[in-house]
Structure formats: structure tokens, C-alpha cells
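The sequence lines fix the lettering, A, B, ..., with proteins before strands; numbering per chain opens at 1. What you see is a predicted model, and the numbers here were worked out from it, not measured in a lab.
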Amino acid sequence: AQSVTQLGSHVSVSEGALVLLRCNYSSSVPPYLFWYVQYPNQGLQLLLKYTTGATLVKGINGFEAEFKKSETSFHLTKPSAHMSDAAEYFCAVSDLYNFNKFYFGSGTKLNVKP
Amino acid sequence: DGGITQSPKYLFRKEGQNVTLSCEQNLNHDAMYWYRQDPGQGLRLIYYSQIVNDFQKGDIAEGYSVSREKKESFPLTVTSAQKNPTAFYLCATAWGLADTGELFFGEGSRLTVL
């Protein structure tokens, strides 16, 4: 089974500052990579995904992520944090042999300070 | 509206009782999933189904059971054999084997064992 590591269970930034949430995966050839966001007591919403092609992926709400094969990373960034970005973020990968099976990281809670 | 409906949103159970969580979708998706979420542990796969009348165990299937008699429905039963059932349960769907991934999530059901 694959594994996904999110460094930092809690990240705190000031409003307007850069957001960087880290994600590393265990396989050198991940089929697909995803970032999801979860607001309290709600389900997860897709922010962005990487399948093939351009390694820099743009998502909703100004987020983007870059797939770096050599580093087995898929870090999520946003140039300027907004208060509404405060939520929990999950990185996920699909299974190498079963594209319909997914593995999730343990999540990073983002706090945005005014 | 198209979407995934989970019910109930909140559920309390006494020890030794079985409970069933409902998940209904009208997205015409082939694949359906149940995840368990505990603080700091991310999402862990309980069961998934890629087609009607077929389902597979995930990483933490012990103490749970499912059925997939209709494409639209994938109920989860938490049995008395589940040692620590208090958690947030998420149902998700996906288009299926021909797709490039991406899960769609319901709003979740929070189960508390008293």
C-alpha cells in the first residue's frame, strides 16, 4: 500500500502571507495526486488534482500545487492567505494498481491570523 | 440537485447495538466508498464498491458490513464487534474505472457510542 505524509498537523499564517502545506508520497510513480479541503463537520471538497501533463496544477480559491517526481512531493501553495482559507487540508494519492482506491494523509489544519 | 446524501448527520448508540448509516447518490457514479475519520489520523478506507452487488474490504473493515444492491445506495452497518466505533463517517463516490480519479464526498455522519 502507498503512504502519504503531510508534514505539520497544524500550520498558522497571517492573513496575506504565503501558505505552504507539504505532502510527500511513498511511490516514485503515483498515478494521480489530489488536494482536498474540509471545513468543520463537513465532507471534503476537491481543491485540485494532478493526472498527467503540466506539473504545476492550479485549483480553486487561488491554490496551486507542483508535482515533483524527484522529490516525491506535491506541496500546496497560495500566495496570499485569506481568513476563509482556515480549514483542514488533505493530500491523497490513488493506488498504483487500482485507480479507484485512494490513500489520504493525516491532514493539516490551517489557521489564518488576522 | 445532484449529490450525495448521508443520514443521519448525528447518531448516538449504546454499546452492543448495531447501527446503519445511509448513503444515497444521484450522480450516476459507479464507485462508492466509506471512510472513517478520527482526529489526527486522516481518512481510513472501510469498504468500497466499484459495481452493484460487489464490494471490497478496505484497510479497517473489521466490525463493519456493507451492501450494494442498487447503484444509488451503499449503506454501512457498524456492528457491535467494532471496538471503537465513535468517529466521523464519510461516504464518497467516483465515476469508476474509466475515470482519472477524484472523489465526491457527502456531508458525513457523526456516530457517538454512549
For the student: nearest non-hydrogen atoms of B/Tyr33 and A/Lys101, plus distance: OH-N, 4.5 Å

In one Ile/Leu/Val/Met/Phe/Trp/Tyr side-chain cluster, 4.5 Å: A/Leu47, A/Leu7: no

Flag if over 12 foreign heavy atoms under 6.0 Å of CD, A/Glu15: yes

Region of A/Leu46 in contact with chain B, defined by heavy-atom distances below 4.5 Å: side chain

Portion of B/Leu43 that has a non-hydrogen atom of chain A nearer than 4.5 angstrom: both

Closest contact, heavy atoms only, B/Gly40 versus A/Ser106: O-CB, 3.6 Å

Aromatic contact, A/Phe104 with B/Tyr35 (centres under 6.0 Å): yes

Interchain contact, A/Gln38 with chain B, by part (heavy-atom threshold 4.5 Å): side chain

Note, A/Gln45 side chain near B/Phe105 side chain (heavy atom, < 4.5 Å): no

Side chain / backbone / both / neither for B/Gln41 at chain A, heavy atoms under 4.5 Å: backbone

Closest heavy-atom pair and its distance - B/Phe88, A/Asn41: CZ-C, 4.1 Å

Side-chain (A/Tyr36) to main-chain (B/Leu103) donor-acceptor, under 3.5 angstrom: yes

Region of B/Phe104 in contact with chain A, defined by heavy-atom distances below 4.5 Å: neither

NZ (B/Lys71) with more than 12 external heavy atoms under 6.0 Å: yes

Within 6.0 angstrom of A/Leu20 CG, more than 12 heavy atoms from elsewhere: yes

Region of B/Gln37 that comes under 4.5 Å of a non-hydrogen atom in chain A: side chain

Pairwise distance CD(A/Gln42) to CD(B/Glu107) - rounded to 0.5 angstrom: 5.0 Å

